[in-house]
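Take a look at the structure set out below.
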Amino acid sequence: MTDTLPPKSVASTTARDASRALPDNAIEISGLTKTYAAKGKGAAKQALRGVDLVVRRGSMFGLLGPNGAGKSTLINILAGVVNKTGGEVRIWGRDIDTHPRDARAALGVVPQEITADVFFTPIEALEVQAGFYGVPRDERRSQELLEALGLGDKANAYVRALSGGMKRRLMVAKALVHNPPILILDEPTAGVDVELRRQLWAYVRRINAEGVTILLTTHYLEEAQELCDTIAIVNHGEVVACEPTPTLLRRLDTRNVVVTPETPPERLPELAGFEVRPRGNGAFAVTYRTGHSSVEQVLGAVRACGITIRDIATEDPDLEDVFLAMTYGDASRRDPTRDR
Ligand SMILES: Nc1ncnc2c1ncn2[C@@H]1O[C@H](COP(=O)(O)OP(=O)(O)O)[C@@H](O)[C@H]1O
Ligand SMILES: [Mg+2]
């Protein structure tokens, strides 16, 4: 039913300046910095330290990073709810400093926090939003959007009766009422159950296939790798990697071997070429790169330290391991004075 929707969205957003070709890049960010001012006893916080990023038109782009990395700060600057400290941002070819309204009209943003207006039913909420954006009545498609997001039968429900996942999908519908060519989702799976998450992703994939550029943030590597064609990794306000997903995954070929020694060693063994971290009760995790070494080599290195192995287990890397692997050997990225 909404099959014609995203191409129309791209077209209608650009109708005003039809002479202009579609931009190659949906979003261009250069040298973006943000320092939150000191408040009370809280020190000033540098949340973005000079971010360069390009999101190509049509991409499903993942901004991946742990909590506190600066993802929401970046999204909120794009959305116009946080002021940047420095740097430049162009959205759909328009500079947010010189053409803020045009730039923002190209975006639909679903913020990290679930906000639901309890005074409106879902259908009313969409109509109000459409009015806010000046979408003419005959171009509105509120019911269609609700159906597409699996909320068709909730059109006239009390919003407070909706589950967290439904509220989030209602937020997605609201973000799309003005047919923006770019949809931004900040941690969209927080508080969403598995089934609803699956539906949400199916819908996001569909509109992406139909031409809408998607930028999403997540702190789950798995989620980013399943959905995104390109992934940027952000840590401590910096982009530490930005690559097509398959390229990145090849670089992130790390695994852990968790070793439980017969008797706990007095101190953590140092194994050349491997990251070693304690796991409690004398056990420790050794991170190795599958392309470079093998479990056999890890175990050999452990035994060479005089440790008798009682048990081993292998694990896939979590995000922390990924960052270690990404920044391995790059001392400049390991500033111990940084808070985590
Ligand atoms: N309004 C704010 N005032 C002060 N510091 C903030 C504010 N918002 C975020 N921060 C800080 O900026 C850093 C980045 O936060 P955020 O952008 O929310 O990261 P993420 O979304 O990746 O978890 C964190 O250290 C956070 O505490
Ligand atoms: Mg966030």
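For ligands, and for the atoms within them, numbers begin at 1 and follow the listed sequence.
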- Task: With side-chain hydrogen bond (donor to acceptor under 3.5 Å, both in side chains) as the test, would you mind laying out the steps for Asn179 and Arg141 before giving the verdict?
- Result: CA-CA 10 Å; Asn179 297 328; Arg141 48 197 179 86; 2.2 Å; yes
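Backbone or side-chain N, O or S atoms of Asn67 do not reach the Mg ion (ligand 2) at under 2.8 Å. Using a cut-off of 2.8 Å, one finds that Thr73 contributes no N/O/S atom close to the Mg ion (ligand 2).
Distance check: Asn208 CG to Leu216 CG gives 10.0 Å after rounding to the nearest 0.5 Å.
Near Asn67, with a cut-off below 4.0 Å to any heavy atom, the atoms of ligand 1 are 23 (O). The ligand atoms of ligand 1 that sit less than 4.0 angstrom from a heavy atom of Ser72 are 17 (O), 18 (O), 20 (P), 21 (O).
Considering all non-hydrogen atoms of both residues, Pro180 and Ala105 come closest at CB-O, 4.2 Å.
Ligand 1 has no N or O atom lying under 3.5 Å from any N or O atom of Ala47, backbone or side chain.
If you look at Lys71 next to ligand 1, the close heavy atoms, those under 4.0 Å, come from the backbone and the side chain alike.
A distance-only check finds a donor-acceptor pair linking the side chain of Arg140 to the backbone of Val135 [under 3.5 Å]. The backbone N or O of Glu187 lies less than 3.5 Å from a partner atom in the side chain of Thr217, making a donor-acceptor pair.
At a 4.0 Å cut-off, at least one heavy atom of Pro66 sits close enough to ligand 1 to count as contact. Heavy-atom separations between Gly68 and ligand 1 include at least one value shorter than 4.0 Å.
Between Arg255 and Thr314, the side chains place a donor N or O and an acceptor N or O closer than 3.5 Å (distance only, hydrogens not considered).
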